[in-house]
2 protein chains.
Amino acid sequence: MQKDKKIKPVPEPTIKRLPVYLHYLNKARLEGVINISAPTIAGELKLDPTQVVKDLSFTGIKGRTKIGYNIYELIHYLEEYLGFNKTNNAFLVGAGNLGSALMAYQAGQSLGLKILAAFDISADRIGEKTGQVNVLHMNNFGEMVKRLNVSIGILTTPEHVAQEMAEKMIACRIKAIWNLTPAYLKLPENIIVQNTSMYSNVAVLLKRLEESDVVI
Amino acid sequence: MQKDKKIKPVPEPTIKRLPVYLHYLNKARLEGVINISAPTIAGELKLDPTQVVKDLSFTGIKGRTKIGYNIYELIHYLEEYLGFNKTNNAFLVGAGNLGSALMAYQAGQSLGLKILAAFDISADRIGEKTGQVNVLHMNNFGEMVKRLNVSIGILTTPEHVAQEMAEKMIACRIKAIWNLTPAYLKLPENIIVQNTSMYSNVAVLLKRLEESDVVI
DNA sequence: AATATTTAAAGAAAATTTTCTTTATAAGAA
DNA sequence: TTCTTATAAAGAAAATTTTCTTTAAATATT
Ligand SMILES: NC(=O)c1ccc[n+]([C@@H]2O[C@H](COP(=O)([O-])OP(=O)(O)OC[C@H]3O[C@@H](n4cnc5c(N)ncnc54)[C@H](O)[C@@H]3O)[C@@H](O)[C@H]2O)c1
Ligand SMILES: NC(=O)c1ccc[n+]([C@@H]2O[C@H](COP(=O)([O-])OP(=O)(O)OC[C@H]3O[C@@H](n4cnc5c(N)ncnc54)[C@H](O)[C@@H]3O)[C@@H](O)[C@H]2O)c1
């Protein structure tokens, strides 16, 4: 129940920084930090202090002059704002190398998502269990979505079946797809797609490296 | 040998989009496309046509009125500009779940990087071979960097050793680190670090999903 | 108690990035 | 040939995002 006078949309760069703050704060909390100021966070993460203040203000938290933020409160506000405290159930499609890594990963660290089950078509994979996640046959996908009321799908199939599997997912009432394949998915407007391209990160790295080489 | 009158720095969003174009174009080429226009690319990738033109112009390519770009030429310019045609040799540190996925991945599809070897400290991993990449003991890292003259490191260790291993990497003359751990690395200014946070992508997905739920 | 200092918060300014507009041009149609 | 149309390219404008500036408040110090 938020009462915003003007609907200020959150900048996407802010959304992307918030989990970085959260991760850092969790680490600082374990080290016994109780109060933490924006300039301190900014110093650690090499960001502008006022940007940190602006970013954090979106969560609704109030800081205290000369003290900063209470770290527990701040973590709570961030988790609440990001939806990381809710259990965001997800199904994974394509339990291969990358898919299995994600399954193993979320077992230990919380990624904001909870992978309830994985789906594949390969007999080698079906029946396997990685990090407490069972791999089921893709045929059971629709039924399981209904049963567990899941609305998030993680797509880690080979690229050539990505479009087809994405369509199957939404036919089964999946509303949001985290697409880790390089395929550009063509889906209805109302479906939320988050593409994660490893290429893009490599490209930035190579460009920066090239720039630095030229300078020397 | 570039002769730029004014040094226009490439916008980072542009760098991130270029590999997406490249990937799409390679697919279109296989489907027999010879010439392709910016509006066509934009339509496929849901981008603004003029943005596509601007982005592509950074590679130095010249398009033709009413025709667009020659797809072979365009792919060549993009690969050249991104450095994807050179062999960018890299070493991977931490041959676990994610590391192995990356090793297996680059075997098939070119990621712009060539992982020459992986390094680990676990006896279980050392001696293994994933997608033509051998896993060696971390003790050999320094020697191998010298021998093969590698300047890019991929960091996929557990978070708690990430800082330490990053420092070891740069002590061995690694110049650029692709950091896939959630750790925020504190390294000298001259070292290039590209952080890839899965959290950030999940955060954007969850926010978009939340927004859409509210609207309904 | 008085003062100096650190900080969050809000707003302004600057920088960056995207979108819009205009222009030139070449291809295809009439 | 002439006209229409689609497009790249360049520049202007708009939107977004970051950085800077000011203010006010509360803490810690003297
Ligand atoms: N491995 C990486 O590091 C990496 C990095 C970036 C992107 N990707 C992308 O992630 C995707 C998966 O990569 P990967 O290395 O895990 O490949 P993979 O071949 O190891 O895994 C793909 C899995 O999908 C399954 N599958 C195939 N068709 C299916 C279908 N119709 N329905 C359900 N499951 C199906 C396969 O059986 C397999 O288990 C690819 O699109 C790849 O481009 C991978
Ligand atoms: N698995 C994923 O999907 C995923 C996603 C996002 C981020 N990450 C991050 O990637 C990193 C690796 O994740 P993972 O799931 O592959 O973990 P993992 O435990 O499977 O792999 C880590 C590997 O690093 C090795 N290692 C440990 N200490 C080392 C050292 N000092 N030097 C060299 N190697 C060492 C281990 O032996 C192991 O093989 C983690 O930081 C994780 O947070 C993983």
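Values in this document were obtained by computation on a predicted structure and should not be read as measured data. Proteins come first, then strands; the chains are lettered A, B, ... in the order of their sequence lines, and each starts at number 1.
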**Item:** Between C/dT17 (P) and B/Leu18 (CG): distance, integer Å
**Value:** 13 Å

**Message:** Of the options C/dA8, D/dA8, D/dT18, whose atoms approach the side-chain atoms of A/Tyr69 most closely?
**Reply:** C/dA8

**Request:** Give a yes or no on whether the backbone of A/Ser200 and the side-chain of A/Ser197 come within a donor-acceptor separation of less than 3.5 Å.
**Result:** yes

**Complete:** Paired with A/Tyr21, the side chain to side chain donor-acceptor pair (under 3.5 Å) test is passed by just one of A/Asp55, A/Thr59, A/Asn26, namely A/Asp55

**Asked** Among D/dA8, C/dT17, C/dA8, which is the nearest nucleotide to the side chain of A/Pro39?
**Response** C/dA8

**Prompt:** Once the angle between the rings of A/His23 and B/Tyr199 is folded into 0 to 90°, is it parallel (under 30°), tilted (30 to 60°) or perpendicular (over 60°)?
**Reply:** tilted

**Complete:** To the nearest angstrom, the CD1-P distance between A/Ile15 and D/dT18 comes to 12 Å

**Item:** Distance in angstrom units between B/Asp48 CG and C/dT17 P, rounded
**Value:** 16 Å

**Prompt:** Between atom CD in A/Glu12 and atom P in C/dT17, what is the gap in whole Å?
**Reply:** 14 Å

**Asked** What's the closest nucleotide to the A/Lys54 side chain, out of C/dT18, C/dT17, C/dG11?
**Response** C/dG11

**Fill in**
Considering only heavy side-chain atoms of A/Arg64, the closest of C/dA8, D/dT27, C/dC20 is D/dT27

**Item:** Nearest-nucleotide pick for A/Lys66, side chain only, options being D/dA28, C/dA8, C/dC20
**Value:** D/dA28

**Request:** Tell me what B/Ser37 touches on the nucleic acid: a base, only sugar-phosphate, or nothing, going by heavy atoms under 4.0 Å.
**Result:** sugar-phosphate

**Item:** Toward the 5' end of DNA chain D, by each residue's nearest nucleotide, B/Thr50 or B/Thr40
**Value:** B/Thr40

**Request:** Kindly state which residues belonging to residues 56-63 of chain B come within less than 4.0 angstrom of DNA chain C, counting heavy atoms of the residue only, listed by number.
**Result:** none

**Request:** Give the nucleotide from the list D/dC20, C/dT18, C/dC20 with an atom nearest to the side chain of B/Gln51.
**Result:** C/dT18

**Asked** Is it true that A/Arg17 and A/Glu12 have a side-chain N and a carboxylate O under 4.0 angstrom from each other?
**Response** no

**Message:** Looking at A/Glu79 and A/Lys86, is any side-chain nitrogen of the basic one under 4.0 Å from a carboxylate oxygen of the acidic one?
**Reply:** no

**Message:** Let's go through A/Asn35 and A/Ile71 carefully: what are the C-alpha distance in whole Å and the side-chain angles of both, what is the deciding distance for side-chain contact (heavy atoms from CB on, under 4.5 Å) to 0.1 Å, and is it a yes or a no?
**Reply:** CA-CA 5 Å; A/Asn35 292 310; A/Ile71 201 162; over 6 Å; no

**Message:** Contact between A/Leu78 and A/Leu56 at the side-chain level, heavy atoms closer than 4.5 Å - yes or no?
**Reply:** yes

**Request:** Would you mind telling me which of C/dT17, D/dT19, D/dA8 lies closest to the side-chain atoms of B/Thr65?
**Result:** D/dA8

**Prompt:** Can you check the A/Tyr77 OH to C/dA8 C1' distance for me, whole Å?
**Reply:** 15 Å

**Request:** Take the protein atom NZ of A/Lys46 and the nucleotide atom C1' of D/dT19, then report the distance between them rounded to whole Å.
**Result:** 18 Å

**Message:** Between P on D/dA6 and CG on B/Asn35, what's the gap in Å once rounded to a whole number?
**Reply:** 17 Å

**Request:** From the options C/dA8, D/dA9, C/dC20, select the nucleotide whose nearest atom is closest to the side chain of A/Val53.
**Result:** C/dA8

**Prompt:** Do you know which of B/Thr181, B/Leu98, B/Val93 makes side chain to side chain contact (heavy atoms under 4.5 Å, CB included) with B/Thr156?
**Reply:** B/Leu98

**Message:** Expressed as a whole number of angstroms, how long is the span from B/Arg17:CZ to C/dT16:C1'?
**Reply:** 12 Å

